2 protein chains.
Amino acid sequence: MTCAEEYTPQLRARGYRMTPQRLAILHILHHNGGHLSPVEVFDAARRELPGLTEATVYRTLEFLAENHLARPALNGNGHIAYEIARHEHHHLICRRCGNEMEVEHAILKSMYARLESESGYRLTDRHLTFFGLCPDCQKGEL
Amino acid sequence: MTCAEEYTPQLRARGYRMTPQRLAILHILHHNGGHLSPVEVFDAARRELPGLTEATVYRTLEFLAENHLARPALNGNGHIAYEIARHEHHHLICRRCGNEMEVEHAILKSMYARLESESGYRLTDRHLTFFGLCPDCQKGEL
DNA sequence: CTCCTTATTGCAACTTTTTGCAATTGCCTA
DNA sequence: TAGGCAATTGCAAAAAGTTGCAATAAGGAG
């Protein structure tokens with residue numbers, strides 16, 4: 001299935017349009033797999049679609065995040081990067097070497113339920129990024 | 001106890017210096033209590049200390065965060081804001097009305113321990129912000 | 001109290017991100 | 001298949017954030 005076939009119906013269903021700009025950006029995110037900063041997305045997408053502007057990239061990334069086709073996350077330097085939306089997960093980043101691993105959302109489920117009942121809020125989404133020292137860097141620290 | 005008396009020893013103990021710039025910024029954060037964006041800190045601190053520059057504000061806020069005198073957190077619009085370091089807590093923000101409540105870190109303790117044992121990482125810090133609908137906005141949604 | 005080291009700041013140029021508005025263009029309807 | 005409405009984009013200017021480097025100044029030593 002192509003990106004167009006996969007994502008167009010999802011946008012239409014919500015009353016939005018598929019455009020060459022959105023498609024190029026989705027394509028970049030989809031095939032890269034990992035996190036990309038807005039600037040990285042801009043550079044890559046512009047190669048597919050010359051004439052694309054930064055403003056459009058920033059607006060599109062935010063738009064895709066709102067519509068759950070992309071997810072924003074903080075990277076090690078405290079800036080926001082985006083990745084294509086797959087399964088729910090969060091990130092654990094090593095403060096020393098920058099190595100990154102995924103944290104399944106499942107581990108947070110019970111905490112989540114408790115937070116909802118204690119606060120009265122209905123939780124919808126979150127920005128979670130964990131920092132620490134990976135096993136290798138802990139050794140080097142002794 | 002004045003801000004100077006409170007914070008100067010903490011910096012000295014780590015081998016850093018107290019300066020009028022740092023003191024002004026700490027003073028702003030301390031007396032405001034809540035989150036302030038870098039621009040808000042700049043505007044306020046500059047009133048106490050004309051001649052202060054943006055570059056210094058950005059560098060100082062990052063410096064204070066590294067040294068645990070201030071804490072960074074994502075606010076509702078996805079940008080980083082800072083508050084004076086008090087007890088460990090996180091934030092739960094209503095997507096509709098913007099209302100904000102604090103989430104005690106204690107609620108995360110067991111999830112934290114599990115995350116450490118499963119990942120092998122030693123956790124040091126994190127950026128956690130939760131979003132949802134507050135009780136009032138849930139009513140309005142029916 | 002003065003000197004000296006080096007942490008810290010200001011400056012200025014630069015990059016990144018945001019915003020309003022007019023022009024464009026998806027895509028629904030007939 | 002053409003027409004029209006509203007979503008979306010590009011443009012250009014502004015705002016926010018970053019960086020390297022030379023000048024300044026905090027605070028320990030003599």
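By convention in this document, chain letters (A, B, ...) are assigned in the order of the sequence lines, proteins followed by strands, and residues within each chain are numbered from 1. Treat the numbers as computed from the prediction; the structure is a model and nothing was measured. All heavy atoms count here, side chains included; hydrogens, waters and symmetry mates do not.
If you measure from atom CG of A:L64 to atom C1' of D:dT9, you get 14 Å, rounded to the nearest angstrom. In this structure, B:L36 places its CG atom 14 Å from P of D:dA16, rounding to the nearest Å. In this entry the distance linking CD of A:E62 with P of C:dT18 reads 7 Å, nearest Å. C:dT9 atom P lies 15 Å from atom CZ of B:R46, rounded to whole Å. Look at CG on B:L52: it is 9 Å from C1' on C:dT9, rounded to the nearest Å. In this structure, B:F42 places its CZ atom 13 Å from P of D:dA15, rounding to the nearest Å. Whole-Å rounding puts the B:L11 CG to D:dG27 P distance at 9 Å. The distance from atom CG of B:N67 to atom C1' of C:dA7 is 13 Å, rounded to the nearest whole Å.
In the displayed structure, B:E62 atom CD is contacted under 6.0 Å by at most 12 heavy atoms of other residues, nucleotides or ligands.
Using a 4.5 Å cut-off on side-chain heavy atoms (C-beta onward), B:L123 and A:L92 make contact.
For B:R71 and B:Y82, the positive end is not near the middle of the six-membered ring at less than 6.0 Å and at most 45° from its axis.
A heavy-atom distance below 4.0 Å to DNA chain C is reached by these residues of residues 17-33 of chain B, ordered by number: B:R17, B:T19, B:Q21, B:R22.
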query: Are B:Y7 and B:H30 close enough, and set up right, to give a side-chain hydrogen bond (donor to acceptor under 3.5 Å, both in side chains), and what steps lead you there?
result: CA-CA 11 Å; B:Y7 298 118; B:H30 185 104; 2.8 Å; yes

task: Could you go through the side-chain contact (heavy atoms from CB on, under 4.5 Å) check for B:H31 and B:I84 one step at a time?
output: CA-CA 9 Å; B:H31 286 85; B:I84 199 77; over 6 Å; no

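The pair A:E88-A:R126 counts as a salt bridge, with a side-chain nitrogen and a carboxylate oxygen less than 4.0 angstrom apart. Ion pair A:D136/A:R96 not flagged as a salt bridge, since none of the NZ, NE, NH1 or NH2 atoms sits closer than 4.0 Å to an Asp/Glu carboxylate oxygen. Remark: A:E102 engages A:R86 in a salt bridge, criterion side-chain N to carboxylate O under 4.0 Å.
In this structure, A:P38 and B:T53 both approach DNA chain C, and ranking their closest nucleotides by distance from the 5' end singles out B:T53. Across the interface with DNA chain D, nearest-nucleotide mapping of B:S37 and A:Y16 shows A:Y16 to be the residue nearer the 5′ end.
Between A:T56 and the phosphate of D:dG10, there is a side-chain N or O to OP1/OP2 separation shorter than 4.0 Å.
A:G51 comes within 4.0 angstrom of sugar-phosphate atoms only, judged by non-hydrogen atoms across all strands, and of no base.
Ring-centre distance between B:Y58 and B:F42: not below the 6.0 Å cut-off. Side-chain rings of B:H91 and B:H35 approach one another, their centers coming within less than 6.0 Å. Ring centers of A:H127 and B:F130: at least 6.0 Å apart, outside the cut-off.
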Between the protein and nucleotides 28-30 of chain C, which nitrogen or oxygen pairs are less than 3.5 angstrom apart?
none

Filtered N/O pairs between nucleotides 14-16 of chain C and protein, under 3.5 Å:
none

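Residue side chain A:R59 reaches the base of C:dG20 through a donor-acceptor N/O pair under 3.5 Å, judged by distance alone.
Heavy-atom minimum distance, A:Y121 versus B:G132: CD2-C, 4.3 Å.
When distances are taken from the side chain of A:A55 to each of C:dG10, D:dA12, D:dT19, the shortest belongs to D:dA12.
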